[in-house]
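The structure appears below as structure tokens.
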Amino acid sequence: MWSNQFSRRHFGRIAGSAALALSTGSVKPADAQSSLGGQNSRAAFPADFRWGTATSSYQIEGAVDEDGRGPSIWDRFAHTPGKIADHSTGDVADDHFHRYKDDVQLMKALGTKTYRFSIAWPRVFPEGSGPPNPKGLDFYNRLLDELAANDIEPFATLYHWDLPQALQDRFGGWMSRDTAKAFADYSGYVAERLSDRVKHIFTINECSRLVHLGHGLGLDAPGLQLSQAGQNQVRHHVALGHGLAVQAIRAHARPGTKIGLAENMVNCIPAIETPANIRAAEIAVRELNAGYLTAILEGKFTENYLAQADAPKYTAEDLRIISSPIDFVGLNVYTPDHYVIAADNAPGYTLAPFPASFPHMDAPWLRVGPEALYWAPRHAAKIWGVKSIYITENGTSSTDQVAADGQIYDVDRVMYLRNYLLQLQRATSEGVPVAGYFLWSLIDNFEWMDGYQKRFGLYHVDFNTQRRTPKLSASFYREVIRQNAVV
Ligand code: PNW
């Protein structure tokens, strides 16, 4: 089940029309001054809600050889012929390493007060472990100072998939517990030096994808195709790395530093919102996230997960480390993973197959199901009692043609965002503890195996000139932030 679902999600060919969901947008007048975060507006968010954008290091920075940065598994992978759709690499990407000041101004123009970015491990430890490279860390010092000068609060991710190649070469990267230990050392080092300005730290971005696409399907770096048992062991080491990093950050960061993770939870939606289907969806969420989120938040695996022949090898001490208390959970939510119906069978649920006509955006996997953004945080709060949730990614790619007048009229992205945000607002209005939202992404960037062919930015990037142009969706998002409500 687990192993098929990512492949289906990503690479299932969906025939038929891509009819997009109808907008159910708010009927408020565009100049709704009266509804500025007002109590009576049905689409208003909590007054202290944090709005931001998200990026990751390899996808935007470029400058892969500067200031002593070592190679990462993504440098190696992208430079391997046949791995990236348009034969591109992240060598230059958005040249954010040199243009970060301009990019901070783009955030400011949106009115965002927070920003989620990731730190490139191989800039800080070019060999993964051993001697640090303070010059590499300095890039983040410059970025943090620029963010502070512009009143934008940083949320830093320590691992968004750019593992130092040296660790892959030395002991097979995440196939070894040694990588979990090296990750903890790197995390403690960074926390000690940056936690004067960074108050929110995410350990690892999307364990689910790094395991399945990186070590199962071989479509992400390091491009391995391990058995199910091998993938389960990798997942266990990633979870262990997360837990060890939580402990290292607590030991080295300033008091009050908040720690969490950012996960693409397998998100299960009750097909029809009846109490029985909602209960079935909750059971499915626990089971389908058993090796990672469930273990982290409950301190144990589910019985079904352990009953499978290829369950990971672990110790009780591992589980104690993995479940080290965290302060918040970040959820990356793009799409409904499953629609669930209650059933009288052993697991207690049926996963409905997706009809070929199910609408999707500019990627077969990016199905339009706005209610995903309601159910993901509601499930996390209900099932695991999570008290603080951030939506750490949400957004969509769009074909984004530049019109004759030079503008990008991405009304499809606006439609997607409006409908998803209405569902997020439904969650916050019911008291689901979502504290903020980071839109993926600030700028078009290197979209992994799709290269530069898939654009997720609020700002269009001309990769020949590095010129950034706001899309219509940037205006939409600025208005949402200004009104603190879905417009
Ligand atoms: C995320 N899904 O990946 C990553 O964290 C980003 O680096 C990436 O650029 C972005 O989404 C867009 O792809 C995901 O199938 C891939 O639900 C797939 C899914 C979710 C997130």
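In listed order, ligands and their atoms are each counted from 1.
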I need the atoms of ligand 1 closer than 4.0 Å to a non-hydrogen atom of [X], numbered in the order shown.
X	value
H160	4 (C), 5 (O), 6 (C), 7 (O)
F456	12 (C), 13 (O)
T335	17 (O)

Min heavy-atom dist K454 to ligand 1 below 4.0 Å: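 No, K454 has no heavy atoms under 4.0 Å from ligand 1.
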
Nitrogen or oxygen atoms of E206 and ligand 1 under 3.5 Å apart: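 E206 vs ligand 1: N/O contact under 3.5 Å present.
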
Contact (N/O only, under 3.5 Å) between E447 and ligand 1: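 In this structure, E447 places an N or O atom under 3.5 Å from an N or O of ligand 1.
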
Proximity to ligand 1 by part of L366, non-hydrogen separation under 4.0 Å: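 Near ligand 1, L366 shows nothing, with every heavy atom at 4.0 Å or more.
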
Region of E393 that comes within reach of ligand 1 [heavy atoms, distance under 4.0 Å]: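 It is the side chain that touches ligand 1; the backbone stays farther off.
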
Parallel, tilted or perpendicular, as decided by the 30° and 60° cut-offs, for the rings of F446 and W448: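 Perpendicular: the ring planes of W448 and F446 meet at over 60°.
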
Aromatic ring pairing F155/Y390, orientation class (parallel under 30°, perpendicular over 60°, tilted between):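 Plane angle over 60°, so perpendicular.
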
Full working for ring pair (Phe, Tyr, Trp, His ring centres under 6.0 Å) between F202 and Y159: CA-CA 8 Å; F202 303 97; Y159 186 72; over 10 Å; no

Options W440, Y334, W365, ranked by nearest heavy atom to atom 11 (O) of ligand 1, top entry: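 It is Y334 that holds the nearest heavy atom.
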
Over-ring placement of R413 relative to F456, 6.0 Å and 45° cut-offs: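 Negative - R413 is either too far from the ring of F456 or too far off its axis.
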
Selection residues 49-59 - residue pairs positive for salt bridge (charged side-chain N to carboxylate O under 4.0 Å, His left out), sequence neighbours left out: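 Every pair satisfying salt bridge (charged side-chain N to carboxylate O under 4.0 Å, His left out) with a residue in residues 49-59: R50-E153.
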
Partners passing salt bridge (charged side-chain N to carboxylate O under 4.0 Å, His left out) against R378 (at least two apart in sequence or in another chain):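 By the salt bridge (charged side-chain N to carboxylate O under 4.0 Å, His left out) rule, R378 matches no residue at all.
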
NE2/H79: more than 12 non-hydrogen atoms of other groups inside 6.0 Å: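 Count over threshold, so yes.
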
